[in-house]
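Letters A, B, ... mirror the listed sequences (proteins, then strands); counts begin at 1.
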2 protein chains.
Amino acid sequence: MNVKAILAAKGGDIYSIEPNATLAAAAKLLSTHRIGAVVILGAGGRLAGILSERDIVRAVSEFGADALTIPVGQVMTRNVMTCVEDDSIADIMERMTAGKFRHLPVLLDGKMIGVVSIGDVVKERVGEIEHDAEALREYIQTA
Amino acid sequence: MNVKAILAAKGGDIYSIEPNATLAAAAKLLSTHRIGAVVILGAGGRLAGILSERDIVRAVSEFGADALTIPVGQVMTRNVMTCVEDDSIADIMERMTAGKFRHLPVLLDGKMIGVVSIGDVVKERVGEIEHDAEALREYIQTA
């Protein structure tokens, strides 16, 4: 199983926002779509960063009400890890756990085609392992 | 594997806040301890509710800067699902996925002794399934 299978199952909806939008606008976008993170696109649609619920809570914790007028570009994570469709689920699960991030944009020829979350990854991975175990059980019973 | 094993692995740290604390104070608590939710204790230490990062982002989205002065008790989820130490990991994983919540307080004789997150559950569950599959593989190789 790979990233392509996850995108096929969940669809490739991408929610993005501009770097000069406020954290208030980003909070509205996350709430409206019930998502945990949004990607920030800069000039030419280039991936500039990613912003999560945790980033918003941290800014509010640090700056209080002033946080809501801060541009997303000042708070976002700039060094965004990405993956490609051929990456295995086990591989990206390990990278997300090691790097402690929950969302991973998927690139194809440099263009973003989707975002996978730790929830998506885990759902697929558990299904995959259970399937393996079931296949082994059947093999034993019929051997 | 059950809830008791998760608590043994992660420790039983409980972060709580009072219902009349503000959302600003709750955001500070979540950020300081790098946690995703906090339980709200009412009179006599009774579990009154739970508040997550998502609840804070939703309040900010709806009320703007005014959200930060709102008492936690007005925004928290009051109908908190709980579990006990003997509950199996598969069982609480299913309940959390079906109910779409990420944190589950653990009760012992009516007293809260810890909180398990979907991350904790998944980590244990994946380890458990991988262990089963490995045991089956060994059985086949030595059969």
Side-chain angles (χ1 to χ4, degrees), chain A residues 22-38 51-69 89-90 93-94 96-97 100 102 117-119 121-143, chain B residues 22-38 51-69 89-90 93-94 96-97 100 102 117-119 121-143:
Chain A
T22 62
L23 283 195
K28 182 77 75 179
L29 189 69
L30 294 183
S31 280
T32 302
H33 299 291
R34 296 169 178 271
I35 51 178
V38 60
L51 184 90
S52 69
E53 291 171 319
R54 184 153 296 189
D55 295 325
I56 295 175
V57 170
R58 191 188 300 120
V60 163
S61 165
E62 194 167 348
F63 303 110
D66 290 344
L68 303 189
T69 60
I89 290 176
M93 190 170 185
E94 190 181 320
M96 293 171 96
T97 305
K100 292 186 186 294
R102 298 178 184 166
S117 73
I118 185 72
V121 172
V122 154
K123 194 172 160 189
E124 284 292 325
R125 179 71 176 140
V126 168
E128 185 180 21
I129 298 170
E130 280 178 337
H131 179 267
D132 285 357
E134 183 57 31
L136 283 164
R137 269 185 219 107
E138 280 175 18
Y139 173 86
I140 289 172
Q141 280 164 5
T142 58
Chain B
T22 62
L23 283 194
K28 182 79 77 180
L29 188 70
L30 294 183
S31 280
T32 302
H33 298 290
R34 297 168 177 273
I35 51 178
V38 60
L51 184 91
S52 69
E53 290 170 320
R54 184 152 295 188
D55 295 326
I56 294 175
V57 170
R58 189 187 302 122
V60 163
S61 164
E62 192 168 349
F63 303 109
D66 290 344
L68 304 189
T69 59
I89 291 178
M93 191 169 184
E94 191 183 320
M96 292 171 95
T97 304
K100 293 186 186 295
R102 299 178 183 166
S117 73
I118 186 73
V121 172
V122 155
K123 194 173 162 190
E124 284 291 326
R125 178 74 176 137
V126 169
E128 185 180 23
I129 298 168
E130 280 177 337
H131 179 267
D132 284 356
E134 183 57 31
L136 282 164
R137 269 184 219 105
E138 279 175 17
Y139 173 85
I140 290 172
Q141 280 162 5
T142 57

Item to check | Options A:Thr32, A:Leu30, A:Ile35, ranked by heavy-atom pairs under 4.5 Å with chain B, top entry | outcome: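 Of the candidates given, the most pairs with chain B belong to A:Ile35.
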Next on the checklist: Taking side chain as everything from C-beta outward and backbone as N, CA, C, O, which of these in A:Ile56 sits under 4.5 Å from a heavy atom of chain B? Side chain, backbone, both or neither.
Outcome noted: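 It is the side chain, since no backbone atom gets that close.
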Checklist entry - If you count heavy-atom pairs under 4.5 Å between each of B:Glu62, B:Arg58, B:Glu134, B:Arg54 and chain A, which one has the most? => result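 Most heavy-atom pairs under 4.5 Å with chain A: B:Arg54.
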Checklist entry - Who among B:Val60, B:Leu68, B:Thr69 has the most heavy-atom pairs with chain A under 4.5 Å? => result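 Highest number of heavy-atom pairs under 4.5 Å: B:Leu68.
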Next on the checklist: Quick check for you: to the nearest 0.5 Å, what is the distance between A:Ser61 atom OG and B:Leu23 atom CG?
Outcome noted: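 Taking OG in A:Ser61 and CG in B:Leu23, the distance rounds to 12.5 Å.
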Item to check | Interatomic spacing from CD in B:Glu53 to CG in A:Asp55 - rounded to 0.5 Å | outcome: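 One gets 9.5 Å once the value is rounded to the nearest 0.5 Å.
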